[in-house]
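Start at 1 and go down the list; that is how both ligands and their atoms are numbered.
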Amino acid sequence: MAEETLFSKIIRREIPADILYQDELVTAFRDISPQAPTHILVVPNILIPTVNDTVAGHEAALGRMITVAAKVAKQEGIAEDGYRLIMNCNQHGGQEVYHIHLHLVGGRALGPMLAK
Ligand code: AMP
């Protein structure tokens with residue numbers, strides 16, 4: 001059994017977060033340490049530690065993460081200018097919280113995709 005992270009507590013509303021959207025599959029909330037004017041995390045409600053742990057049964061939640069990111073981007077007024085969706089995996093990917101999450105980042109031109 002994978003160990004829960006603080007994201008499970010946010011999903012269950014046991015610790016505070018600025019939740020923008022929640023349904024039966026996913027939750028979207030503002031990143032506590034924003035890297036851009038808009039920085040939102042979209043997470044599955046069930047614990048999937050990394051992208052490596054995804055299986056076919058997760059596809060509904062994984063697909064919903066994308067459609068919810070698009071919906072929230074529109075709500076935030078950044079859809080037309082554009083934004084970036086990022087999902088980090090394990091150490092080389094820079095993953096810090098082992099409950100997969102899609103970063104929705106925008107509100108300014110983000111520059112090249114990767115740091116040199
Ligand atoms: P990653 O490096 O892809 O695992 O990203 C983890 C993200 O979670 C970082 O951008 C953190 O700022 C964010 N984060 C950590 N704790 C919280 C929290 N309590 N509420 C919202 N975002 C958080």
Side-chain angles (χ1 to χ4, degrees):
M1 259 290 268
E3 213 171 293
E4 274 195 1
T5 73
L6 77 174
F7 288 179
S8 292
K9 292 189 168 69
I10 288 174
I11 291 160
R12 293 196 299 263
R13 296 174 188 252
E14 291 169 6
I15 61 172
D18 189 356
I19 295 179
L20 302 171
Y21 178 91
Q22 188 166 49
D23 63 23
E24 78 285 7
L25 291 176
V26 305
T27 301
F29 53 92
R30 286 193 199 282
D31 195 291
I32 204 166
S33 177
Q35 305 297 308
T38 299
H39 188 170
I40 291 156
L41 302 176
V42 186
V43 307
N45 293 342
I46 57 161
L47 171 56
I48 307 169
T50 79
V51 174
N52 291 335
D53 301 305
T54 57
V55 295
H58 296 143
E59 285 169 4
L62 296 169
R64 185 71 61 84
M65 288 165 73
I66 302 276
T67 55
V68 166
K71 191 193 302 253
V72 173
K74 214 173 273 175
Q75 275 171 16
E76 292 287 306
I78 62 170
E80 283 303 310
D81 285 341
Y83 50 88
R84 191 168 288 161
L85 299 178
I86 303 164
M87 197 178 281
N88 296 322
C89 182
N90 277 342
Q91 194 186 358
H92 281 194
Q95 185 172 3
E96 289 173 358
V97 178
Y98 282 80
H99 181 137
I100 60 169
H101 46 281
L102 192 59
H103 295 259
L104 163 61
V105 188
R108 64 170 168 81
L110 295 169
M113 190 169 71
L114 295 175
K116 293 265 178 340

Part of Ile32 with heavy atoms under 4.0 Å of ligand 1, whether side chain, backbone, both or neither: both
Touching ligand 1 at all, Ile86? Heavy atoms, strictly under 4.0 Å? no
Exceeds 12 heavy-atom contacts within 6.0 angstrom, atom CD of Glu14: yes
Nearest 0.5 Å please: distance from the CD atom of Glu4 over to the CG atom of Leu47. 6.5 Å
Test of proximity, Gln95 against ligand 1: N or O pairs below 3.5 Å: no
Which is it for Leu41 and ligand 1 at heavy atoms under 4.0 Å: side chain, backbone, both or neither? side chain
Atom 4 (O) of ligand 1 [closest protein heavy-atom partner, distance rounded to 0.1 Å]: Glu96 N, 2.6 Å
Answer yes or no for Phe29: is there a heavy-atom contact with ligand 1 below 4.0 Å? yes
Mind checking whether Val72 and Thr38 have side chains closer than 4.5 Å, heavy atoms only? no
Closest protein heavy atom (residue, atom, distance) for atom 19 (N) of ligand 1: Leu6 CD1, 3.3 Å
Does Phe7 approach ligand 1 within less than 4.0 angstrom via side chain, backbone, both or neither, non-hydrogen atoms only? side chain
In the protein, what heavy atom is nearest to atom 9 (C) of ligand 1, and what distance, to one decimal place, separates them? Asp31 OD2, 3.3 Å
Run the numbers for me: atoms of ligand 1, each under 4.0 Å from some heavy atom of Ser33, listed by number. 12 (O)
If we ignore hydrogens and angles and just use 3.5 Å, is the side chain of Gln95 paired with the main-chain N or O of Val51 as donor and acceptor? no
Distance under 4.0 Å to a non-hydrogen atom of Val97: what atoms of ligand 1 satisfy this? 4 (O), 6 (C)
heavy-atom search around atom 2 (O) of ligand 1 in the protein gives Gly94 O, 2.9 Å
Please determine whether any non-hydrogen atom of Arg30 lies less than 4.0 Å from an atom of ligand 1. yes
Checking Asp31 side chain against Ser33 main chain: does a donor-acceptor pair fall under 3.5 Å? yes
Atom 6 (C) of ligand 1 has as its nearest protein heavy atom His101 NE2, 3.4 Å
Among residues at least two apart in sequence or on other chains, which ones pass side-chain contact (heavy atoms from CB on, under 4.5 Å) with Asp23? Tyr21, Leu25, Val26, Arg64, Val68
When rounded to the nearest 0.5 angstrom, what is the spacing between CD1 in Ile100 and NE2 in His58? 7.5 Å
To the nearest 0.5 Å, atom CG of Leu41 lies from atom NE2 of His39 at 5.0 Å
Please check if the distance between the ring centroids of His103 and His101 is under 6.0 Å. yes
